[in-house]
Amino acid sequence: MQYQFNETDLLAAISLRWEMTFVRLRADLSLAGSPERTAWRSVVETSDGRLYVLEKIPSKNYGGKRRIAEILQQLSGRGLQQVVAYLPDDGGEFIHLINHGLWQLSPYVGGVVLDRPAYAMDGWRGDAVADFLIRFIVTGRQTPTALETSSFSIAAYTLDLFTTLSTREPEIADRYRPFMAHLKERLFPIANGLPMGFCHGDVHPINIIWGDRSIRAVIDWEFCGIKPEIYDLANLLGCLGMEDPQSLGGPFVHRLVSRMRRSNIFSDESWNALPDLMLAIRFAWLSEWMRKDDQPMIRLEADYMALLMENRSDLADRWDLSG
């Protein structure tokens with residue numbers, strides 16, 4: 001989104017608010033994550049060479065952004081190093097009104113560009129993600145603000161989405177009807193009884209800033225909240241399979257699932273629901289393709305869901321979900 005401003009005035013204003021001397025915007029540095037999360041964003045540099053991410057946020061998002069900033073500060077404060085917290089002022093406020101706009105500031109974290117789709121077969125990434133998720137889950141259970149967020153029902157969300165789709169795009173809905181029928185039979189009767197926990201809500205490889213053999217940061221927390229405890233793993237596995245279906249039997253996924261199984265971080269009922277939860281979460285991605293009117297992805301998503309449904313038992317066996 002285009003945002004018109006005077007660079008000198010903006011740098012002076014944010015320097016005053018955050019009590020640092022900002023000297024220039026760094027348009028030459030790319031930013032990870034979705035640009036749709038903000039109205040405008042850029043890397044900014046201080047006089048001593050430190051780099052930060054400056055974000056302008058829509059006023060309608062103020063409440064949600066403030067809540068996320070509080071949660072990230074608590075997670076970071078409890079030692080979760082891959083969480084990049086926003087910078088508060090002396091009064092503890094994370095969002096500032098500057099030149100009729102709302103602004104946030106956080107440290108800039110650079111990373112290594114993913115080699116797509118080859119990364120989906122990197123075993124070390126499975127270890128790294130598992131270690132992060134385990135620490136995140138444990139920390140989230142001890143974070144009061146995180147536990148105060150509202151609960152998300154995957155059954156209610158998917159049913160509502162499919163009702164809307166059936167009304168507006170009946171031909172597309174017919175293509176997805178077999179997957180909905182499967183979920184109504186296998187997942188939805190038990191979904192609201194699954195153990196819940198605080199989740200990132202959008203964990204996938206593009207929302208991770210990678211180091212050479214490590215995770216430097218996990219970003220884009222807009223969908224965080226109380227969800228089925230295994231939600232983040234299910235979403236990540238679904239994204240890896242969409243990148244390369246063979247990856248679901250590859251080293252990344254094998255080491256990720258094995259490490260998390262050994263940790264005993266999830267209940268047996270969550271593990272048993274994993275393949276069907278992966279399928280249900282793909283409807284959220286379908287919603288994204290519909291919003292963008294991305295017809296090739298709408299067709300591909302149907303093919304991928306069919307693959308997940310047809311191979312449900314094989315995946316359960318491969319990941320040893322029965323025991």
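Excluded from the calculations below are hydrogen atoms, water molecules and symmetry mates; all remaining heavy atoms, backbone and side chain alike, are included. Values in this document were obtained by computation on a predicted structure and should not be read as measured data.
- No more than 12 heavy atoms of other residues, nucleotides or ligands lie within 6.0 Å of CD in Q81, so this atom counts as exposed by the packing criterion.
- Rounded to the nearest 0.5 Å, atoms CD (E269) and CG (N272) are 8.5 Å apart.
- For residues 105-127, every residue pair satisfying the ring pair (Phe, Tyr, Trp, His ring centres under 6.0 Å) rule, not counting sequence neighbours, is listed here: W124-W210.
- Residues W18 and H96 meet the side-chain proximity criterion, which asks for heavy atoms closer than 4.5 Å.
- Inspection of the W289 and E301 side chains reveals an N or O donor paired with an N or O acceptor under 3.5 Å.
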Take R17 and D89 through the test salt bridge (charged side-chain N to carboxylate O under 4.0 Å, His left out) and record every step on the way to the result.
CA-CA 7 Å; R17 290 290 187 178; D89 62 14; over 6 Å; no

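- Using modelled atom types and a 3.5 Å distance limit, the side chains of E229 and S270 yield a donor-acceptor pair.
- Of the charged side-chain nitrogens involved, at least one lies within less than 4.0 Å of a carboxylate oxygen, so that R66 and E93 count as a salt-bridged pair.
- In this structure, I209 and V84 have side chains that are not in contact, with every pair of non-hydrogen atoms separated by 4.5 Å or more.
- To the nearest 0.5 Å, atom CZ of residue R50 and atom CE of residue M20 are 6.0 Å apart.
- A centroid separation of 6.0 Å or more is found between the aromatic rings of F22 and W103.
- D174 is linked by a salt bridge (charged side-chain N to carboxylate O under 4.0 Å, His left out) to R177, counting only residues two or more places apart in sequence or in another chain.
- In terms of modelled atom types and a separation under 3.5 Å, the side chain of S263 and the main chain of M260 share a donor-acceptor contact.
- Looking only at side-chain heavy atoms (C-beta outward), R37 and E55 stay at 4.5 Å or farther from each other.
- Heavy-atom contacts from other residues, nucleotides or ligands closer than 6.0 Å to NE2 of H254 number 12 or fewer.
- Under the 4.5 Å side-chain criterion, counting only non-hydrogen atoms from C-beta, V218 is not in contact with L80.
- Side-chain atoms of W271 and D320 include no donor-acceptor pair closer than 3.5 Å.
- Ring-centre distance between Y157 and F152: below the 6.0 Å cut-off.
- Proximity of L286 to L165: side-chain heavy atoms (C-beta onward) are separated by under 4.5 Å at one or more points.
- Ring-plane geometry between F136 and F132 is classed as parallel, the angle between the planes falling under 30 degrees on a 0 to 90 degree scale with a further cut at 60.
- Within a 6.0 Å sphere centred on CG of D303, other residues, nucleotides and ligands contribute more than 12 heavy atoms.
- Rounding to the nearest 0.5 Å gives a distance of 7.5 Å between SG of C239 and CG of D202.
- In this model, a donor atom of one side chain and an acceptor atom of the other lie less than 3.5 Å apart for H182 and D276.
- With values rounded to the nearest 0.5 angstrom, H204 atom NE2 is found 12.0 Å from I281 atom CD1.
- For the pairing with Q74, the side chain to side chain donor-acceptor pair (under 3.5 Å) check across T139, T143, T145 returns one residue only, T145.
- Residues H200 and W221 are in side-chain contact: their nearest non-hydrogen atoms beyond the backbone lie under 4.5 Å apart.
- Of the inter-residue distances, the one linking T21 atom OG1 with L16 atom CG reads 10.5 Å to the nearest 0.5 angstrom.
- The existence of a salt bridge linking E288 and R291 is confirmed by a sub-4.0 Å separation between a basic side-chain nitrogen and an acidic carboxylate oxygen.
- A distance of 11.0 Å separates CZ in F252 from CE in M121, rounded to the nearest 0.5 Å.
- Inter-residue side-chain proximity for L72 and F94 is flagged as unmet; no heavy-atom pair is nearer than 4.5 Å.
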